[in-house]
Novice: 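Quick one: the structure is below, and I'll ask about it shortly.
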Amino acid sequence: MKGTESMSEKAELRKKFRALRSELPGHDDYLFLLEVPEIQSAKIITSYYPMPGEPNLISLNEALINMGKTVLLPRIINQQMEFAKYDGNESQLVERDKFHEPSGNIFIGEINVALIPATAIDHKGVRLGQGGGYYDRFLVKTSAFRIGIIHDREFMKKPLPHEWFDQKVDAVATEKGFVRFS
């Protein structure tokens, strides 16, 4: 797909899904992910603190911490995404616009599983993000097992537009379950 056509189509899809998220409440029970083998064996997991309308992983983050996993949350510094350890204490989070970012030292080390927010994901693992490219740049540098987190209505049968730099996910989780891509 040509770059400008794809970018325009992606922008329209983001607008559509953001409107849906503002109208329909998000789901917040992703605890079934605790049964995924890659999560069970992982020591270091990136997650996120949800923005309004995003699938809510707060309960999952707490459960992972209680299991002894190291949970990392993202923050943006100088237009780059980095991660810091999150211990479940919301007072550790700094609010910037609609984001909640962890304070503390940057994490340097191997990440086993990345729980990644998305606007939509298709049945081949193509992920439509928010448009900043932060996760694409992060995913290029990690071998972590990648799980895209979306609402079921954002799991697309039709292929999503994508560019050469867009990074795919290995699996998707919605409120209806978990699907691996081959």
Side-chain angles (χ1 to χ4, degrees), residues 17 20-21 24-75 81-90 92-93 99-102 107-130 134-160 162 166-182:
F17 286 115
L20 270 175
R21 283 182 172 184
L24 299 169
H27 186 70
D28 67 353
D29 184 10
Y30 284 78
L31 294 175
F32 64 87
L33 288 173
L34 298 173
E35 302 303 317
V36 172
E38 288 85 354
I39 289 180
Q40 288 180 341
S41 65
K43 293 180 180 160
I44 311 292
I45 299 173
T46 67
S47 187
Y48 63 89
Y49 194 91
M51 293 191 312
E54 280 187 329
N56 187 334
L57 298 188
I58 293 173
S59 296
L60 178 63
N61 291 341
E62 289 172 3
L64 292 168
I65 292 165
N66 289 338
M67 290 172 65
K69 310 287 184 189
T70 297
V71 174
L72 308 174
L73 298 184
R75 63 183 175 208
M81 187 165 66
E82 61 183 40
F83 293 90
K85 184 177 178 182
Y86 178 59
D87 62 10
N89 183 348
E90 290 187 3
Q92 173 192 2
L93 299 174
F99 299 102
H100 290 80
E101 299 180 338
F107 174 82
I108 298 173
E110 185 177 339
I111 295 167
N112 307 117
V113 173
L115 302 176
I116 306 164
T119 304
I121 295 174
D122 72 16
H123 283 263
K124 292 190 177 194
V126 173
R127 176 187 161 272
L128 180 67
Q130 293 292 336
Y134 297 111
Y135 273 97
D136 290 318
R137 289 190 296 276
F138 157 66
L139 291 170
V140 164
K141 299 183 268 184
T142 183
S143 62
F145 185 74
R146 308 161 178 200
I147 303 173
I149 309 292
I150 56 173
H151 302 296
D152 191 64
R153 64 184 175 261
E154 299 161 351
F155 194 19
M156 309 298 294
K157 289 181 172 73
K158 177 181 155 190
L160 287 169
H162 60 281
D166 289 328
Q167 297 294 301
K168 291 184 176 184
V169 293
D170 300 310
V172 63
T174 76
E175 66 273 17
K176 293 191 176 178
F178 180 80
V179 176
R180 288 177 188 276
F181 302 114
S182 51

Novice: Measuring from Leu31:CG to Glu62:CD, what's the distance to the nearest 0.5 Å?
Specialist: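 So the gap between those two atoms works out to 9.5 Å.
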
Novice: Using a 3.5 Å distance criterion without hydrogens, assess whether the side chain of Lys69 forms a donor-acceptor pair with backbone atoms of Ala42.
Specialist: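 Yes: the side chain of Lys69 pairs with the backbone of Ala42.
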
Novice: Under the side-chain contact (heavy atoms from CB on, under 4.5 Å) criterion, do Thr46 and Phe107 qualify, and how do the steps go?
Specialist: CA-CA 10 Å; Thr46 67; Phe107 174 82; over 6 Å; no

Novice: Taking atom CD of Glu175 and atom CD1 of Ile150, what is their separation to the nearest 0.5 Å?
Specialist: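 Answer rounded to 0.5 Å: 8.5 Å.
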
Novice: If you round to the nearest 0.5 Å, how far is CG of Leu57 from OH of Tyr48?
Specialist: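 Rounded to the nearest 0.5 Å, the OH-CG separation comes out at 4.0 Å.
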
Novice: So which heavy atom on Asn61 is nearest to which on Val71, and how close?
Specialist: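 Residues Asn61 and Val71, closest heavy atoms: O-CG2, 4.1 Å.
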
Novice: Closest heavy-atom contact between Leu33 and Phe178?
Specialist: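 Looks like CD2-CD1, 3.7 Å.
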
Novice: Between Met81 and Tyr134, what is the shortest heavy-atom contact and its length?
Specialist: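 Met81 and Tyr134 have their closest heavy atoms at CE-O, 3.7 Å.
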
Novice: Are Phe181 and His123 close enough that their ring centres sit under 6.0 Å apart?
Specialist: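 Ring centres of His123 and Phe181 not closer than 6.0 Å.
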
Novice: Donor-acceptor pair, distance only, cut-off 3.5 Å: does the side chain of Asp170 make one with the backbone of Arg146?
Specialist: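 Between the backbone of Arg146 and the side chain of Asp170 there is a qualifying donor-acceptor contact (under 3.5 Å).
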
Novice: Looking only at heavy atoms, what is the nearest atom pair of Lys85 and Pro102, with distance?
Specialist: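 Looking at all heavy atoms of both residues, the shortest contact is O-CB, 4.4 Å.
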
Novice: Flag the pair Ile44 / Glu110 as yes when at least one side-chain heavy-atom distance between them is below 4.5 Å, and no otherwise.
Specialist: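 They are not in side-chain contact.
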
Novice: Does a side-chain heavy-atom distance below 4.5 Å link Val36 with Val113?
Specialist: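 Contact flag for Val36/Val113 side chains = no.
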
Novice: How long is the straight-line distance from OG1 of Thr70 back to OH of Tyr86, given to the nearest 0.5 Å?
Specialist: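 Rounded to the nearest 0.5 Å, the OH-OG1 separation comes to 14.5 Å.
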
Novice: Applying side-chain contact (heavy atoms from CB on, under 4.5 Å) to Ile39 and Asn112, what does each step give before you reach the verdict?
Specialist: CA-CA 8 Å; Ile39 289 180; Asn112 307 117; over 6 Å; no

Novice: To the nearest 0.5 Å, how far apart are CG in Leu160 and NZ in Lys168?
Specialist: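 Between Leu160 CG and Lys168 NZ, I get 11.0 Å after rounding to 0.5 Å.
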
Novice: Evaluate the criterion side-chain contact (heavy atoms from CB on, under 4.5 Å) for residue pair Glu38 and Arg180; output intermediate values, then yes/no.
Specialist: CA-CA 12 Å; Glu38 288 85 354; Arg180 288 177 188 276; 2.8 Å; yes

Novice: For Asp87 and Ile65, work out which heavy atoms get closest and say how close.
Specialist: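 Taking Asp87 first and Ile65 second, the nearest heavy atoms are C-CD1, 3.6 Å.
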
Novice: Should the ring pair His100 and Tyr49 be called parallel, tilted or perpendicular, given that the plane angle runs from 0 to 90° and is split at 30 and 60?
Specialist: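 Geometry flag for Tyr49 against His100: tilted rings.
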
Novice: Would you mind reporting whether Tyr30 and Ile147 have side-chain heavy atoms less than 4.5 Å apart?
Specialist: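 Of all side-chain heavy-atom pairs linking Tyr30 with Ile147, none is under 4.5 Å.
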
Novice: When rounded to the nearest 0.5 angstrom, what is the spacing between CD in Gln167 and NE2 in His162?
Specialist: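 Between atom CD of Gln167 and atom NE2 of His162 there are 11.5 Å.
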
Novice: Over all heavy atoms of both residues, which pair between Arg127 and Val169 is shortest? Give the atoms and the distance, please.
Specialist: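 Heavy atoms only, the tightest pair is CD-CG1, 4.1 Å.
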
Novice: Does a side-chain heavy-atom distance below 4.5 Å link Asp29 with Ser59?
Specialist: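 Sidechains of Ser59 and Asp29: no contact.
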
